[in-house]
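Report on the structure given below.
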Amino acid sequence: MTRVLGIDLGTTYSCVAVVEDGVPLVIANKGGYRTMPSMVAMTASGRRLVGHLAKRQAITNPQHTVYAVKRFIGRKWNSDLVQTARDSLPFELVEGPHNDVRIKLRDETFSIPEISAMVLTEIKRVVDEYFGNPCSKAVITVPAYFNDGQRQATKDAGKIAGLDVLRIVNEPTAAALAYGFGKQIEKLVAVYDLGGGTFDISLLEIGGGVFEVLATAGDTFLGGEDFDQRIADWLVFNFAKENDADPRGDLMAMQRIKDAAEKAKCELSFQNEVEINLPFLFSAGKNKTLHFQKLLNRAKLEDLTVDLVERTIEICERTLREAGLKTSDISDVVMVGGQSRMPMVHRMVAKFFGRDPSRNVHPDEVVALGAAIQGYALVTEQPEKSTGTLLLDVTPLSLGIMIVGGYFQILIEKNTTVPTMASHIFTTVKDGQTSVKIMVFQGESKVASENELLGEFILTGLREAPRGEVEVEVTFDISADGIVSVSAHDHETGRKQSIVVTATSGLTQEEIRRMAEDNRDYLLEAAQGEQLEKMKSSVQGLVSEVQRLYPVVKDVMAASSFGDDALKKADSILERSRRALEREDTEALESCIEDLKRTQDTFKALATRSAPPTDGENS
């Protein structure tokens, strides 16, 4: 049976799960970690570090350590959010050739999907090592409020990483799948997902194995990173106040402050007060180094961040209202995402919904488990082995076209269950108009240009007539896989034109192909480099052992008839090994290993025979 990876590609941490023998399980790496930091770093030598290795060196290499890139995936360079975020990041964002966001690491520039692909590649490597064979099919989760461009960018990242992405699933929906897996329940559930970089709320009706999403909403730039930043800003303010010095120009100092802020936030979920201690934080010149020590209590943390939680509650309130539901209609609340552990978040969510949220799911793992369950359902053909789940999702954002005046005419409202179809008849707006340009947008603004342009086409050959007389029917069709088709039909002439809207991540197909090849080449080089390092280590160890034994056996061998030849041969092998180490020649090193092992065995045997007898042997 084909294994499908369920991947929660998170802003701050990522997790992977599979369904094995009908049971969903999270795959830990060799270090026993069940989640991995979504971080990538580039060393001075050009070596790529991913996950925990990247996080461990972030303080000493802040300019070339990338984190929270999910916040920029599928976004335009000139967006206000990107331009605002640039000021607070230690690594460099640059404009890409398609008005997309790119990141400069050392002398190379990478697209956001490329960086995400590095994280996905590491996830795939962990699973491949765990099972001992390659796994290439995957279901990847995204925030429910991601637009089509952001979803496509995530798919492109999977493709670059060598994954066959079967489906993109909304994170709250995946969490609900895991929550209801194997249970006979009939409930209306709210999934509150506050992760490292994004917030989502989804309302689902679960019953008879059917998971129907009723409504979803969110904020793709609201999460744990913002809580960390509030603490970091507070620490910078207090440091400057106490020392009359601004540490913001020192990237290493700022990275230490960011790490301390994150750690303090996590500790304050379990205790009421934490001491933040940062010795040798900032150099003030003239051999003067400033230290920093500050107490932060839970009350102050809540004061610093309460408005962030209030923003999530406002989104919950609006979503319920738009769905025509009340908090009393909700049977259970499932809290997902690491930031949902914060006591104030838990308290405010419980107060809003009027009930204590469920504690039956792991906030860091439930999304990956749900993705694995969905992947298992997609590839399972035998009914008796199927998970017995049917997922009915919704469009997170409205779809429509631009009309006269630059306004946005919605044809499919947000939170419409897919698959779906909708039509609307429009008329010409100019006398003698013989063609019409259909521009397809996604979003909620009444001004079309403020929404996301998905595609455009032109219907020609219309009958010349006064404006308003020629009618054109525009039809939107969304499949269960989320594929949008748009057609325009002039009933009078029978002329018809249509497109299948293919979302773009800002990368061309040629760029994606090249990036996938570059990723494969890097992995091959890395594997060869790893093999070389292992051989070098083995040769160096054998050379040291042979050199240690050499003086012990030299006299014994010199006294024998074959001794001189054997010693000359050993000298030759040692010299050949040194040259192979200098050249880093894999084939030569492999040959040396065998010869060194034989020489070592011979020397050890002679050393044993030449050793003086023990007292026990003399008696």
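No hydrogens, no waters, no symmetry mates; every other heavy atom, side chains included, goes into these values.
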Donor-acceptor check, side chain of Thr109 to backbone of Leu105, threshold 3.5 angstrom: yes or no? no

Under a 4.0 Å threshold between the charged nitrogen and the carboxylate oxygen, would Arg102 count as salt-bridged to Glu114? no

Less than 4.0 angstrom from a charged side-chain N to a carboxylate O is my criterion; do Glu95 and Lys76 meet it? no

Not counting sequence neighbours, which residues clear side chain to side chain contact (heavy atoms under 4.5 Å, CB included) with Asn519? List them please. Arg48, Thr121, Ile160, Leu523

Going by side chain to side chain contact (heavy atoms under 4.5 Å, CB included), name the residues that satisfy it together with Leu532, two or more places apart in sequence or in a different chain. Lys536, Glu584, Thr586, Leu589

Taking only residues two or more places apart in sequence or in another chain, which ones pass ring-ring contact (aromatic ring centres under 6.0 Å, His included) with His98? none

Do Gln83 side-chain atoms and Asp80 backbone N/O form a donor-acceptor pair below 3.5 Å? no

Give a yes or no on whether Asp107 atom CG has more than 12 heavy-atom contacts from other residues, nucleotides or ligands under 6.0 Å away. no

Check whether any side-chain N or O of Asn170 sits under 3.5 Å from a backbone N or O of Thr173 as a donor-acceptor pair, and report yes or no. no

Separation of Ser485 OG from Ile499 CD1 (nearest 0.5 Å): 8.5 Å

Looking at Leu411, Thr416, Ile410, Val484, which hits side chain to side chain contact (heavy atoms under 4.5 Å, CB included) with Leu399? Val484

All ring-ring contact (aromatic ring centres under 6.0 Å, His included) counterparts of Tyr33, not counting sequence neighbours: His52

Okay, side chain of Lys437, backbone of Glu456: is any donor-acceptor separation there less than 3.5 Å? no

Does the pair Ile168 and Phe146 meet the rule for a side chain to side chain contact (heavy atoms under 4.5 Å, CB included), with working shown? CA-CA 11 Å; Ile168 297 292; Phe146 259 20; over 6 Å; no

Could you tell me which residues satisfy side chain to side chain contact (heavy atoms under 4.5 Å, CB included) with Asn451, sequence neighbours excluded, listed by chain and number? Phe408, Phe441, Ser445

Within the 3.5 Å criterion, strictly below it, is a donor on Gln152 or Asp156 matched to an acceptor on the partner's side chain? yes

Taking the side chain as every heavy atom from C-beta outward, state whether Val336 and Pro172 have any pair of such atoms under 4.5 Å apart. no

Check Arg125 with Glu129, please: is the shortest side-chain N to carboxylate O separation under 4.0 Å? yes

Between Glu122 and Leu49 (side chain of the first, backbone of the second, donor and acceptor by atom type, cut-off under 3.5 Å), is there such a pair? no

Validation row: Val309, Thr312 side chains within 4.5 angstrom (heavy atoms): yes

Using the rule given for side chain to side chain contact (heavy atoms under 4.5 Å, CB included), can you reason through Ile438 versus Val474, listing the C-alpha separation, both sets of side-chain angles and the distance that settles it, and then say yes or no? CA-CA 9 Å; Ile438 307 295; Val474 177; 4.0 Å; yes

Before giving the answer on side chain to side chain contact (heavy atoms under 4.5 Å, CB included), spell out for Gln374 and Leu391 the whole-Å C-alpha distance, their side-chain angles and the decisive distance to 0.1 Å. CA-CA 8 Å; Gln374 175 64 13; Leu391 175 59; 3.9 Å; yes

Would you please test Asp8 and Glu171 for side chain to side chain contact (heavy atoms under 4.5 Å, CB included) and show each step? CA-CA 8 Å; Asp8 175 10; Glu171 289 164 1; 4.1 Å; yes

Who pairs with Glu108 by side-chain hydrogen bond (donor to acceptor under 3.5 Å, both in side chains), at least two apart in sequence or on another chain? none

Residues in ring-ring contact (aromatic ring centres under 6.0 Å, His included) with His424, at least two apart? Phe426

State whether the side chain of Thr141 and the backbone N or O of Val367 hold a donor-acceptor pair below 3.5 Å, judged by distance alone. no

Could you walk me through whether Tyr192 and Ser340 pass side-chain hydrogen bond (donor to acceptor under 3.5 Å, both in side chains), step by step? CA-CA 8 Å; Tyr192 177 101; Ser340 69; over 6 Å; no

Going by side-chain hydrogen bond (donor to acceptor under 3.5 Å, both in side chains), name the residues that satisfy it together with Asn415, two or more places apart in sequence or in a different chain. none

For Lys187, enumerate each residue passing the side-chain hydrogen bond (donor to acceptor under 3.5 Å, both in side chains) test, keeping only those at least two apart in sequence or located in another chain. Tyr179

Test log, rule side-chain hydrogen bond (donor to acceptor under 3.5 Å, both in side chains), inputs Gln442 and Asn147: CA-CA 7 Å; Gln442 180 182 45; Asn147 63 35; 5.2 Å; no

Going by the rule side-chain hydrogen bond (donor to acceptor under 3.5 Å, both in side chains), which residues pair with Lys258 if we only count those two or more places apart in sequence or in a different chain? none

Given 3.5 Å as the limit, does a donor-acceptor pair link the side chain of Arg34 with the main chain of Cys15, or not? no

Kindly say whether Arg75 contributes a backbone atom to a donor-acceptor pair with the side chain of Ser79 at under 3.5 angstrom? no

Just by distance, with hydrogens left out, do Thr475 and Ser423 show a side-chain donor and acceptor under 3.5 Å apart? yes

Closer than 4.0 angstrom, basic N to acidic O: yes or no for Lys155 and Asp164? no

If only atom types and distance count, is the side chain of Ser38 paired as donor or acceptor with the main-chain N or O of Gly10 below 3.5 Å? yes

Asn133 CG: over 12 foreign heavy atoms closer than 6.0 Å: yes

For residues 61-68, which side-chain donor-acceptor pairs fall under 3.5 Å, sequence neighbours excluded?
| from | atom 1 | to | atom 2 | distance (Å) |
| --- | --- | --- | --- | --- |
| Asn61 | OD1 | Arg106 | NH2 | 3.2 |
| Asn61 | ND2 | Met42 | O | 3.2 |
| Asn61 | ND2 | Gln57 | OE1 | 2.9 |
| His64 | ND1 | Arg106 | N | 3.1 |
| Thr65 | OG1 | Gln57 | NE2 | 2.9 |
| Thr65 | OG1 | Asn61 | O | 2.7 |

Assess whether a salt bridge exists between Glu510 and Arg513, defined as any Lys/Arg side-chain N lying under 4.0 Å from an Asp/Glu carboxylate O. yes

When the side chains of residues 196-213 are checked against the rest of the protein, which donor-acceptor pairs come out under 3.5 Å, sequence neighbours left out?
| from | atom 1 | to | atom 2 | distance (Å) |
| --- | --- | --- | --- | --- |
| Asp200 | OD1 | Ala144 | N | 3.3 |
| Asp200 | OD1 | Tyr145 | N | 3.3 |
| Asp200 | OD2 | Ala144 | N | 2.9 |
| Ser202 | OG | Thr216 | OG1 | 2.8 |

Closest heavy-atom pair, Ile315 versus Ala217, reported as atoms and distance to 0.1 Å, is CG2-CB, 3.9 Å

Is it the case that Lys70 and Gln150 place a side-chain donor and acceptor less than 3.5 Å from each other? no

